[in-house]
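Lettering follows sequence order; numbering is per chain, from 1.
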Protein chains: 2
Amino acid sequence: MNETDALAAFSSISSATRLRILKGLVTAGPEGMNAGEIAELVDATPSRASFHLSNMADAGLVISNRQSRQISYRVNFETMGALTRYLMDDCCQNNEIVRNCCVTGNRC
Amino acid sequence: MNETDALAAFSSISSATRLRILKGLVTAGPEGMNAGEIAELVDATPSRASFHLSNMADAGLVISNRQSRQISYRVNFETMGALTRYLMDDCCQNNEIVRNCCVTGNRC
DNA sequence: CTTTCATTTCAATATTGTTTGAAATATAGT
DNA sequence: ACTATATTTCAAACAATATTGAAATGAAAG
């Protein structure tokens, strides 16, 4: 992941609505959720949800595919992994405090 | 780290100027850099650098302390660690792909 | 106590992002 | 073809953020 991609991803998840969409989609798992369900989840109008979803898709955070009439969105975990690593390695140069914090079970 | 703090941190590093400041400060290490040096590094006017630095300080990403006439900034690695973990655990529920990506040395 | 240096604060402007509602597109059933 | 459903696209209004340059602050030196 390069700086431009990282900026787009950080920018995308710096909106409360989009961060909640992301969390909802992580919970939903590989099946994903339809645009309409997502809109309901975050209490947004269809067009507003669509706007945020296309922002997330542009940032590579989610992947969409049409299932008959509905469009299903799921998390792109590759991007999320690359982003987390960008934060840890490119930004923090694999700093010890940061690395240590990221071992699940550790206090930080 | 809670959602509000994470949003502030993501929002802060979703600016190219601030992301570069962050990287510069990580490279500078615990000594940090003065506001003026940072401004020079990212090719910004003093007031513009100051604006971005106070945004980063508000987000808890950097810590400032005055050294006689200059103000020195350094990275708050605790926050960076907490943020990285937020991404991995709170957002991605410690997803395997994401976790695996974050082991330095792995391909992802 | 005035000057110089480093930085911040402020107000004005410029830029960018978000929301809304209406119209458009795409798919499926009748 | 016609109607209903799901979603997107668009333009306008609105809101938030960034940039600029000038003025203000705080600290040291003469």
Got a second to check how far A:Met33's CE is from A:Ile71's CD1, nearest 0.5 Å?
-> 15.0 Å
note: A:Leu53, atom CG; C:dT18, atom P; distance rounded to Å ~ 13 Å
Rounding to a whole Å, what distance do you find between A:Asp43:CG and C:dT19:P?
-> 12 Å
One should read off an interatomic distance between A:Arg20 CZ and B:Glu3 CD, to the nearest 0.5 angstrom, of 4.0 Å
Between OG1 on residue B:Thr17 and CG on residue B:Asn55, distance to nearest 0.5 Å | 11.0 Å
Length of the line joining B:Phe10:CZ and C:dG17:P, which is rounded to integer Å = 18 Å
Is B:Leu41 reachable from B:Leu53 through a run of I, L, V, M, F, W or Y residues, each pair having side-chain heavy atoms under 4.5 Å apart?
-> yes
Rounded to the nearest Å, what distance is computed from the CZ atom of residue A:Arg66 to the P atom of nucleotide D:dA6?
-> 12 Å
Determine: side-chain N/O of A:Tyr73 to OP1/OP2 of D:dA6, distance under 4.0 Å, yes or no.
-> no
Whole angstrom value for the distance that separates C1' of D:dT7 from CD of A:Glu40 = 15 Å
Taking the side chain as C-beta and beyond, is there a heavy-atom pair between B:Leu22 and B:Arg18 under 4.5 Å?
-> no
Between B:Gly36 and A:Ser68, who's closer to the 5' end of DNA chain C by nearest nucleotide?
-> B:Gly36
Readout for nucleotides 9-24 of chain D: B = base within 4.0 Å of protein heavy atom, S = sugar-phosphate only, - = neither; 5' to 3' it is B--------BBBBB--
How close or far is atom C1' of D:dA27 from atom CD of B:Gln70, stated in whole angstroms?
-> 10 Å
Please state how far atom CZ in B:Arg69 lies from atom P in D:dA27, giving the value in whole angstrom units.
-> 12 Å
Interatomic distance, B:Arg74 atom CZ to B:Asn65 atom CG [nearest 0.5 angstrom] = 6.0 Å
Starting at atom CE of A:Met56, determine the distance to atom P of C:dT18, rounded to an integer number of angstrom.
-> 12 Å
